[in-house]
Amino acid sequence: MMNDNILKSKSDESIDSGVYSPTATAYEKDEDSEQNTTSSLSLVRQLAAQFPEYERRPHMEPFGSVLMNPNVEMDAERSKQDSERVIEVSNNGRYAKLNTFLGKGAFKVVYKAIDREEGYEVAWNVLQVTRQEVKALGHEIEILKSVRHPNIITFHEAWYNDSEFVFITELMTSGTLREYIRKLSPLPNMKIVKRWCRQILKGLVYLHGHQPTIIHRDIKCDNIFINGAHGEIKIGDMGTAEMKVDKKYTVIGTPEFMAPEMYEEKGYSEKVDIYAFGMCLLEMVTGEYPYNECTNAAQVFKKVTQTIRPECLSRVQDPEVLTLINNCLATEHERMSAQEILEHSFLAVEPEVVLLATDVGMKQLALQVVFKGMDKLSVKFEFNADTDTAEDVVAEMIEEQVLPERYQQLITGDINRLLRDLTKQQNTAAEKIEDDRMVWRRENDIRSELERAKNDLIATKEKIVDIEKKCSSFEQRAQIAEERYKDTIIALEQVKISTFGEPELEAENSIATTTTTLPITNSEEYIPFDSSEYPHDTSIEKFVLGAAAATNRNKDKALEWVRKLQDQDIMTVGDLRDLHDEDWAGIGLTVFALRALKNMLVGKKHQPRSRATSSGTNTPIEEQDQYL
Ligand SMILES: Nc1ncnc2c1ncn2[C@@H]1O[C@H](COP(=O)(O)OP(=O)(O)OP(=O)(O)O)[C@@H](O)[C@H]1O
């Protein structure tokens with residue numbers, strides 16, 4: 001991009017690779033370059049005819065990957081991971097290239113670097129070129145070195161290194177204007193657009209006013225860079241710039257931004273930069289790439305040469321902006337110069353009143369009317385907020401011709417706004433003091449409430465401990481009472497037993513269902529009895545009658561027992577002896593009857609105490625049994 005020849009070869013490569021890139025292209029046809037046989041127009045037509053099917057790349061994509069060193073991508077990826085470090089140093093030792101990748105275009109890759117002499121950061125641009133191509137660059141480098149303007153990226157130094165052409169330029173922190181427009185989504189407001197336009201135009205005024213005139217030839221939002229911190233705008237990518245000694249003929253630039261006369265063979269002037277500026281303004285206010293509706297270069301070419309405007313122009317709403325863009329896209333002669341646009345009412349700077357200083361009471365003010373962007377006009381004056389009025393002071397300055405009359409209303413309004421802001425500030429300060437006091441009082445209240453709550457908490461905790469203590473003493477007492485209750489029950493049982501005999505008697509009302517319900521034998525109540533009286537084969541009838549007699553049961557009762565036993569196939573004493581404990585329960589006899597039989601079997605003799613102690617009436621046992 002440093003030289004048209006380079007560009008030609010680059011664009012040829014692009015064509016060969018079958019990729020159309022909407023970036024700067026050049027087709028040589030200079031007045032003094034007669035060796036070039038192909039006319040620029042026919043080249044473009046050729047392009048249109050040969051590659052109509054090639055899709056135009058989305059303009060946001062990084063261009064030119066076909067020209068890139070494959071290691072670049074890896075370097076870039078690596079640089080993201082590593083912390084910043086020096087990876088290369090220029091031969092003179094002044095510039096140190098860092099591993100921080102800034103971006104890449106169709107032609108160059110850009111890294112961050114350090115200028116060790118000045119101690120500031122710079123951009124290290126790398127271009128893949130041949131030695132022959134480098135030779136032709138000398139002239140261009142001279143142009144770039146001579147350019148010094150706050151709105152043009154400064155060119156510091158260049159050298160050739162193997163197959164690389166390296167040049168050091170000023171570093172821009174926030175990338176290109178195109179990238180930045182996307183960040184201000186949906187669209188930058190008009191104040192920002194105007195600020196950007198003023199800076200771009202100032203750069204163009206400088207280039208076009210240079211002796212000899214310099215034509216940039218590739219003005220587009222991709223080639224305008226921004227320092228976001230201060231909203232500073234600079235024109236970059238001066239590689240296509242060319243001194244205008246006479247009319248220029250080289251077809252160079254980015255199709256969408258190239259004025260129709262650039263495609264023609266009649267020559268063009270610095271007004272091509274104004275045309276491109278118009279397209280930039282269109283992109284700023286619509287957020288759309290001009291001729292986005294076209295899918296290839298040929299379509300763009302066709303529309304431009306037929307003066308068909310980009311579709312997005314119809315979406316420009318501000319009539320002033322529309323008029324300005326239309327003027328930029330008009331014929332070369334109709335187009336305004338950069339200086340004229342700068343003075344256009346759309347971009348005309350409006351004054352602003354700024355407060356320089358104030359006394360403590362905010363009464364005695366030092367004010368200044370500043371015409372931003374117009375370095376010449378600025379008026380400082382004193383203002384007493386108690387005695388002066390904005391209307392009087394401004395009228396006085398107009399009378400003395402310190403200020404142009406057309407700004408009277410605007411400046412008066414600005415001063416009044418500033419005074420209102422100051423009063424607001426004072427009120428806010430007073431409110432703040434009152435607020436602080438309130439906060440302090442409230443804080444105090446909260447603190448004492450907190451203290452009270454704390455004390456309550458401590459007292460409650462103590463009460464809880466007390467209650468817990470009481471509870472545990474109640475528990476102990478309950479346990480003791482329970483123990484006593486159990487002891488009493490046991491004692492009661494003892495008394496019952498000693499008074500009424502075995503507790504099993506109470507079970508006489510029920511049929512014994514388990515062996516555990518069988519009464520415990522009490523040695524005091526039974527007299528040993530010889531079981532040998534009843535050998536195994538003794539009939540059950542005989543045995544039962546014996547047992548009944550031994551326990552004073554009547555015969556009927558005994559026969560009832562016999563029947564129940566025989567129902568269970570128990571016919572002999574042997575059968576009875578063979579019974580397991582659980583079988584006894586299944587016979588269906590009363591607990592008393594069972595015990596009488598069992599005792600009889602083991603050779604114990606029942607001796608009812610009641611008989612010995614009673615006054616002739618039956619014991620409860622007997623009564624129950626008889627009842628049963
Ligand atoms: N001076 C700079 N400061 C910071 N970043 C830069 C600078 N110059 C270039 N870059 C970054 O490197 C990228 C590639 O630069 P540039 O677009 O100028 O390359 P190019 O090969 O000339 O591309 P093209 O011709 O397609 O516009 C830019 O998009 C930008 O992100």
Side-chain angles (χ1 to χ4, degrees), residues 1-4 6-11 13-14 19-26 56-69 72-73 75-76 79 95 97-98 100-115 120-129 133 137 140 144 147 150-158 164-183 203 216-229 232-241 252-258 276 279-280 283 289 297:
M1 208 154 21
M2 300 292 294
N3 179 284
D4 295 349
I6 294 172
L7 281 172
K8 186 164 187 270
S9 63
K10 297 290 185 199
S11 61
E13 270 187 69
S14 302
V19 176
Y20 163 63
S21 152
T23 186
T25 48
R56 203 169 128 229
R57 283 215 214 159
H59 59 267
M60 290 304 288
E61 249 182 47
F63 305 138
S65 51
V66 287
L67 303 173
M68 287 299 138
N69 177 344
V72 164
E73 302 256 4
D75 282 357
S79 73
Y95 300 103
K97 177 181 167 188
L98 301 175
T100 310
F101 172 78
L102 295 175
K104 65 176 180 181
F107 302 96
K108 59 180 194 269
V109 187
V110 188
Y111 289 88
K112 197 200 268 188
I114 306 271
D115 180 344
Y120 47 62
E121 290 173 337
V122 288
W124 176 298
N125 302 257
V126 186
L127 222 103
Q128 304 288 323
V129 286
E133 287 167 337
L137 292 173
E140 312 295 339
L144 299 175
V147 171
N151 296 112
I152 293 173
I153 289 188
T154 312
F155 183 96
H156 294 300
E157 207 168 310
E164 282 181 355
F165 177 69
V166 179
F167 59 101
I168 304 293
T169 61
E170 189 178 348
L171 176 87
M172 297 299 278
T173 56
S174 311
T176 69
L177 196 57
R178 167 155 304 135
E179 292 154 4
Y180 209 79
I181 290 172
R182 305 292 179 276
K183 289 183 198 164
H216 186 284
R217 301 196 292 182
D218 198 16
I219 293 287
K220 57 179 177 176
C221 294
D222 288 304
N223 286 338
I224 296 166
F225 295 82
I226 183 159
N227 272 334
E232 202 178 26
I233 292 281
K234 298 193 185 212
I235 298 170
D237 215 346
M238 292 290 293
T240 45
I252 187 167
T254 303
E256 291 83 349
F257 294 77
M258 281 161 61
M279 289 295 184
C280 289
E283 192 176 342
Y289 196 75

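These numbers come from the heavy atoms of this one structure, side chains and all, not from hydrogens, waters or symmetry mates. Atoms within each ligand, like the ligands themselves, are counted from 1 in listed order.
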Worksheet entry | Subset of ligand 1 atoms that lie under 4.0 Å from at least one heavy atom of Thr169 |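 Going through ligand 1 atom by atom, the ones under 4.0 Å from Thr169 are 1 (N).
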Worksheet item: Numbering the atoms of ligand 1 from 1, which are under 4.0 Å from a heavy atom of Ala123?
Response: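 Ligand 1 atoms under the 4.0 Å threshold to Ala123: 1 (N), 2 (C).
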Fill in: Stacked cation flag Lys220 on Phe257, 6.0 angstrom / 45 deg
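Ring-cation test returns no.
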Fill in: Heavy-atom closest contact (Cys221 atom, Cys280 atom, distance)
N-SG, 3.7 Å
Practice prompt. Might you point out which heavy atoms bring Thr176 and Asp222 nearest each other, and give the distance in Å?
Written response: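 Taking Thr176 first and Asp222 second, the nearest heavy atoms are CG2-O, 3.3 Å.
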Geometric N/O contact [X] with ligand 1, under 3.5 angstrom:
X      : answer
Lys108 : yes
Met172 : yes
Thr176 : no
Glu170 : yes

Item to complete: Please state whether the rings of Phe167 and Phe155 are parallel, tilted or perpendicular, taking 30° and 60° as the class boundaries.
Response: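 Parallel: the ring planes of Phe167 and Phe155 meet at under 30°.
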Worksheet item: Are any of the side-chain nitrogens in Asp237 or Lys108 under 4.0 Å away from the carboxylate oxygens of its partner?
Response: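 Salt bridge flag = yes for Lys108 with Asp237.
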Discussion item. Under 4.0 Å, counting heavy atoms only: does Glu179 come that close to any atom of ligand 1?
Written reply: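 Yes, Glu179 has a heavy atom closer than 4.0 Å to ligand 1.
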Worksheet item: Side chain, backbone, both or neither: which part of Asn223 has a heavy atom under 4.0 Å from ligand 1?
Response: side chain
Fill in: Name of the residue among Thr173, Asn151, Asn227 meeting side chain to side chain contact (heavy atoms under 4.5 Å, CB included) with Glu232
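Output: one option passes, namely Asn227.
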